[in-house]
Every structure is written in structure tokens, then in C-alpha cells.
Amino acid sequence: MRALSQGSFSCYNYRWEEERYTDGSKWKFLEHKGPVFAPPYEPLPSNVKFYYDGKHMKLSPQAEEVATFFAKMLDHEYTTKEVFRNNFFKDWKKEMTPEEKSKITNLSKCDFTEMSEYFKAQTEARKQMSKEEKQKIKEENERIVQEYGFCVMDNHKERIANFRIEPPGLFRGRGDHPKMGMLKRRIRPEDVIINCSKDSKHPKPPPGTKWKEVRHDNKVTWLVSWTENIQGSIKYIMLNPSSRIKGEKDWQKYETARRLKKCVDQIRAQYRDDWKSKEMRIRQRAVALYFIDKLALRAGNEKEEGETADTVGCCSLRVEHIKLYPELNGQEFVVEFDFLGKDSIRYYNTIPVEKRVFKNLQLFLENKQPEDDLFDRLNTSILNKHLQELMDGLTAKVFRTYNASITLQQQLKELTCPEDNTPAKILSYNRANRAVAILCNHQRAPPKTFEKSMQNLQSKIDAKKDQLADARRELKSAKADAKVRKDEKTKKAVETKKKAVQRIEEQLMKLEVQATDREENKQIALGTSKLNYLDPRITVAWCKKWNVTIEKIYNKTQREKFAWAIDMADKDFEF
DNA sequence: TTCTGTACTTAGGAGCGACACC
DNA sequence: GGTGTCGCTCCTAAGTACAGAA
């Protein structure tokens, strides 16, 4: 592997040698066409009516548009939630004319069903379109991608990730979000900041409009930004993961994690030592770091109360999120974690910890209320400052990357049997991947059709087993036949039957492997760790070592994102 | 030190199209 | 040809991190 600092980087699209910028610039030249805006609102046909308190009411276009957002979500349980309904109604009223506002005073008296039916019919009609019509739409989409989906950054044509501006609609937060149902307003050119280089052809705003600003900031990587109205945060249009700028950043991330590998033993020794510190803040820091390292918890930045769902990470854990058991199920010093993490995904885990950690936790809990911070002398900024002193570039999240990648490597070593066939090897890979997903708590809702699809697979397996039994019987009788007759023809028949048995055995095994894999994956999402935490070079090396084609592990998008790794890792790569 | 704003990464789910199967 | 299944892509929310102002 080449050194990062040399900046040489050649893969499918990149066959060049160039210096990295050392002054913090991200590019010298940047040219693009600007964003694609959401299509304008098309008023409903006059036969699609809205009713208030049982009576037809024609809505003004603005009020109607917002009403359609609600109508489109009618089947979702969101619309039954109190918070959602209140937020929606409040924002909807802001879009009404004074007359509408005075009439429509109760959301429960609003009847959106005709609108809802109309949109369902439209979806259905879209499905029923002829091949030609569908092809035409596809081509039009393709044209837009060709025009707006690419930019030029320093001599390279690059794919843009999200060149379409988010359309207006109702905000759907995750979990118990206090702002769910609020109106996410339409973004206009006047809201948009364009970033490109001075000497590029600047994107043109749609006729009759202006950009909010055109700037030329090459210290950042984004092309377009705007401020959304729900949280007041900035949204960006950036490049695709396959781009040079994202690929290098990704590479750098894994290189930082590999540097941690070299000093992690020392860091662990130190935080263990710090459990004994005289200073409370150091003990807290040391215990938090232990959790981040051992359990791959997220850092846990503070959040503004009431602005978002109530979720926590390590530094923001509260007393109510852990329980201490001096003894539980035959194990000593057990900590039970139960809290909502990112995306309101529940983290539940009981783990035995060392006595010192346990005693420290007892100390941290003393005289506190359930809603008090567990680590009251600590936040992510303090923790990261400390980590920075231990290793250049070290932050809390590097531990997640490091532990994920090292786990994959170890698990692959442990689980891969050289004599296994390819499907079995892939099962081992998925199991190693799964170990990481479990560590990182990457969950998914079990697919709605899970039970059924499992049953289907099982009946396929049963059918295959029957088929195998038949084939074996046939083989047996062929053998008996051959023993009696002893001629070429019957001998040949035995060989054919033997092959058939073998083939069916292989098919059966493949199905069984598939069933195991699927069952074990019911509530676990492998994609997130594959995409964000596992050094792709580990995977590339494993594929090369065991002659598994990379296509079996990475799909096209993933191969594009990891082109740098596919290009540079050989079978001996060690994380 | 705390707060705020900004930039960028990480996350799960919806929806859609390809493909297998009947 | 119709239907069910599944993987992929897109979408955008929700994190982390850090700089600079207050």
C-alpha cells in the first residue's frame, strides 16, 4: 500500500498523481449546474374535494397544498399521533386565508379521504403505464441526471450525491420527535447559496429568480446549501461517495483507526489506571472511555431539550439509563444499559464489568435523581480534548471504527474454513459482518414479510430434501442394477445418478445456508457497518485470499465507493 | 468556559424495479 | 401476463466534531 501522504491514488476513475493540498483547501476548481428544485405544486382537479364538518370546502392553493401533504400520509400511523396532528394543524393554519382560518378550527372535522383516494389512484395509474410511457419518464430522468448530477472538481467529472432539493412536506422525525408533523417549507432559489470557483461557469438560477448568494469557498466541499426551517440547520449538496474527495476522506478515516490500533493497549492501560484517580472528572472520563471502547457507544453530544427526540450517547447517559447489579445470573458486577440512541434505536445490554468500574459507577450515582447526568463532570468536548492528547486525530468515534474493523478481521480469521465452498465462505463473511453490526447496535425493523418468506424458504428446503431422497433412491437402484448387469450402460447410469445427487446436495446446502443467514439477520442491519465502519481493504484482502469474487460481497454502488480499496489492497493486507 | 454555527458522517426506512415463479 | 419477493437506490434525519464568538 502506498503512503497516504504521497497522495497517489489510482483506481477506476483516477489515474493520476497529484499533490494533496496542505493549506486546508479542498479544491482549486469547481463547476456545477446548481440544484434541481422540487416541481411546483399542481392544484387538485375540481372533482377532488375537501370536506369540513361534512360540507364541501374549496381551499386556497396554499392551504390545499399543505392539506395534500397530510392526505398523502393518512394511512400512516403518524397522523393519529397527538403531537403530529397538533404541529400539523398549527402550521397548516398559517397557510390558510383568514376565512379558511376562521372556518377550519378542528382537525378532526377535516375529511381528506377524497384527496387520499386520488393520490392512491395516481400511484396505481403510474404502475399501470405502458412500457413506452415508463421508458419516456426514465429517459427524462436520465437527462436530468446527466445535466445536473455531475460536476467538475479539479480536472475530474464527479457524481453529485443529492442534487435534488428536498421537496416540501410534513416533517417526520424519528422516535418521539416533538416537531413531527410540522410543515417543511418549499425551498426557492432565493434560499439557496451556491458554492463554486470564481473561474467556473456559475450555475444560472431559474428564470426570474436569484440565488441568495454565490460564494467561492474552497475550504469546504459542498456545492449548494440552504437552511431548513424545522431545526434551522443547514442542508448541503455534496459529492457522491465514489468521488475522489469522499474516497480520500474515507481512506484517511481508516488510517486513523489503524494508528489507534498501534496505541490502543497503552490507552487502555491508562484509562484503567485513571479509574483510581483522586479526581472525579478523571474517573468519569476513564469510565466513559471504557464504555466507548468496550461497547462501541457513540460519543453523546449534548442536545437542546425539546428540540429533538430524547436520545443519548455515552457522555449524555443519565442515571435512569443504567442499573447496577452486584450479582446477576451468577455473574458479578453487572451493568444493565437501557436507553434510546441515535434514531431512537433502543440500546439494551447487560454486561459484567470490572469491580473498579462498578464501584466508580456507584460513586457517580450517589445522591442523584434519575434524570441527572451519569457523567456530570464530562462532555464530548472534554473527552475529545483528552483523546487528542493521547493520539493525533483521535476522537471518540475512532474507537467505533477501530473496534468494528478489528472485529471483522478477527472474526473472518476465526470463521473462515479453507475447505468450505463459496456459499459457506460467504455465510462466514456475513457472520463476521453480523458480529460487528451487533457490536454497533445496527438494528432494523423485521421485514413485514419476514415470517412468510421464511416459511417459503423452508418449504423450498423440504421440497429439496424430498428431491434428494428420490435421487438417492434412484442412485441406489442404479447401483444394484449395475452390480447385476455389469455393463457400460448401467455403469454410466450410476455416474449420472451420482452427479445428480451431488448437485441436489449442493443446492440443498445452499438453501439451508440461506435460511440460517436470513434467520440470523432478522433484526440486524448489515449495511450500515459495511458502508461506514469496516475498512474495505479487509474485505478486499479476504476475497483475494479465498478466491471469492468481490461482487459476491459488494454490490455496484459499494464497489464504486470502495474503488480506492479494491485498487490498493492485496491478499496480505492487515488492518 | 459555554454557546452557536458550520461541515461533514452515519443512519434506518420508503419505494421501486428487476427477477423468479406460477 | 400476473404476482410476490428481494435488493438497491434514494431520501433525509440525526449524529459527531470543531472553530470561533460571547
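Chain letters run A, B, ... following the sequence lines, proteins first and then strands; every chain starts at 1.
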Nearest to the side chain of A:Phe171, which nucleotide is it out of B:dT9, C:dT9, C:dA14? C:dA14
Think A:Lys303 has a side-chain N or O under 4.0 angstrom from the OP1 or OP2 of C:dG15? yes
Here's a test of your reading of the structure: between A:Asp343 and A:Thr227, which maps to the more 5' nucleotide of DNA chain B? A:Thr227
Around atom CD of A:Glu139, are there more than 12 heavy atoms of other residues, nucleotides or ligands at under 6.0 Å? yes
Phosphate OP1/OP2 of B:dT9: any A:Lys397 side-chain N/O under 4.0 Å: no
Classify A:Lys26 by what it touches in the nucleic acid, base, sugar-phosphate, or nothing, heavy-atom distance under 4.0 Å. sugar-phosphate
Is the distance from OP1 or OP2 of C:dG15 to the nearest side-chain N or O of A:Thr311 less than 4.0 Å? yes
At under 4.0 Å, does any side-chain N or O of A:Ser381 touch on OP1 or OP2 of B:dT1? no
Taking OP1 and OP2 of B:dA18, is either one under 4.0 Å from a side-chain nitrogen or oxygen of A:Lys138? yes
When the distance from NZ of A:Lys249 to P of B:dA7 is rounded to whole Å, what number comes out? 13 Å
Would a line drawn from the ring center of A:His177 to the ring center of A:Phe84 be shorter than 6.0 Å? no
Any base atoms under 4.0 Å from A:Lys246, or only sugar-phosphate, or nothing? Heavy atoms, all strands. sugar-phosphate
Among the candidates C:dC10, C:dA14, C:dT12, find the nucleotide nearest to the side-chain atoms of A:Lys342. C:dA14
Taking only the side-chain heavy atoms of A:Arg164 (C-beta and beyond), determine which of C:dC11, C:dA14, C:dA17 contains the nearest atom. C:dC11
What is the distance, to the nearest angstrom, from the CG atom on A:Asp217 to the P atom on B:dA7? 7 Å
By nearest-heavy-atom nucleotide on DNA chain C, the more 5' of A:Asn555 and A:Leu394 is A:Asn555
A:Lys198, NZ atom: more than 12 neighbouring heavy atoms under 6.0 Å: no
Does a side-chain N or O of A:Lys235 approach OP1 or OP2 of C:dA13 to a distance below 4.0 Å, or not? yes
Within the structure, does a side-chain N or O atom of A:Tyr236 lie under 4.0 Å from either OP1 or OP2 of B:dT9? no
Figure out the CG/P separation between A:Asn384 and C:dG15, and round it to whole Å. 17 Å
Can you tell which of C:dT9, C:dA17, B:dT9 lies closest to the side chain of A:Ala396? C:dA17
Atom CD of A:Glu305: over 12 foreign heavy atoms under 6.0 Å: no
Assign A:Ala445 to base, sugar-phosphate, or nothing according to its heavy-atom contacts below 4.0 angstrom with the strands shown. sugar-phosphate
What integer distance in Å separates A:Arg400:CZ from B:dA11:P? 5 Å
Does A:Arg126 place a side-chain N or O at less than 4.0 Å from the phosphate oxygens OP1/OP2 of B:dG15? no
Starting at CG of A:Asp217, measure out to CH2 of A:Trp27 and round the result to the nearest 0.5 Å. 7.0 Å
For C:dA13, does OP1 or OP2 lie under 4.0 Å from any side-chain N or O of A:His177? no
Sugar-phosphate, base or nothing in reach of A:Gly300, heavy atoms under 4.0 Å: sugar-phosphate
It should be established whether A:Thr221 places a side-chain nitrogen or oxygen under 4.0 Å from OP1 or OP2 of nucleotide B:dC8. yes
Result for 5'-nearest mapping on DNA chain B, choosing between A:Ile234 and A:His442, is A:Ile234
Could you tell me how far apart A:Arg444 (CZ) and B:dG12 (C1') are, to the nearest whole angstrom? 11 Å
Neighbour count >12 (heavy atoms, 6.0 Å) for atom NZ, A:Lys253: yes
Quick check for you: to the nearest 0.5 Å, what is the distance between A:Lys249 atom NZ and A:Trp564 atom CH2? 13.5 Å
In whole angstrom, give the distance that lies between atom CG of A:Leu223 and atom P of B:dC8. 11 Å
Output the rounded distance in Å from CD (A:Glu166) to P (B:dG13). 18 Å
Taking only side-chain nitrogens and oxygens of A:Asn532, does any of them come within less than 4.0 Å of OP1 or OP2 of B:dT9? no
Between B:dG17 and A:Lys127, is there an OP1 or OP2 to side-chain N/O distance shorter than 4.0 Å? no
Any idea which of B:dC8, C:dC18, C:dC8 is nearest the A:Thr395 side chain? C:dC18
When rounded to the nearest 0.5 Å, the distance separating CG of A:Asn229 from CG of A:Leu183 is 6.5 Å
In whole angstroms, the gap separating P of C:dC8 from CG of A:Asn240 amounts to 16 Å
Has A:Asn301 got a side-chain N or O lying under 4.0 Å from the OP1 or OP2 atom of C:dT16? yes
For B:dT10, take OP1 and OP2 only and decide whether either is under 4.0 Å from a side-chain N or O of A:Lys253. yes
Considering every strand and a 4.0 Å limit on heavy-atom distances, what is the contact class for A:Gly341: base, sugar-phosphate, or nothing? sugar-phosphate
Mind checking A:Pro167 for me? I need base, sugar-phosphate or nothing, with any heavy atom below 4.0 Å counting as a touch. sugar-phosphate
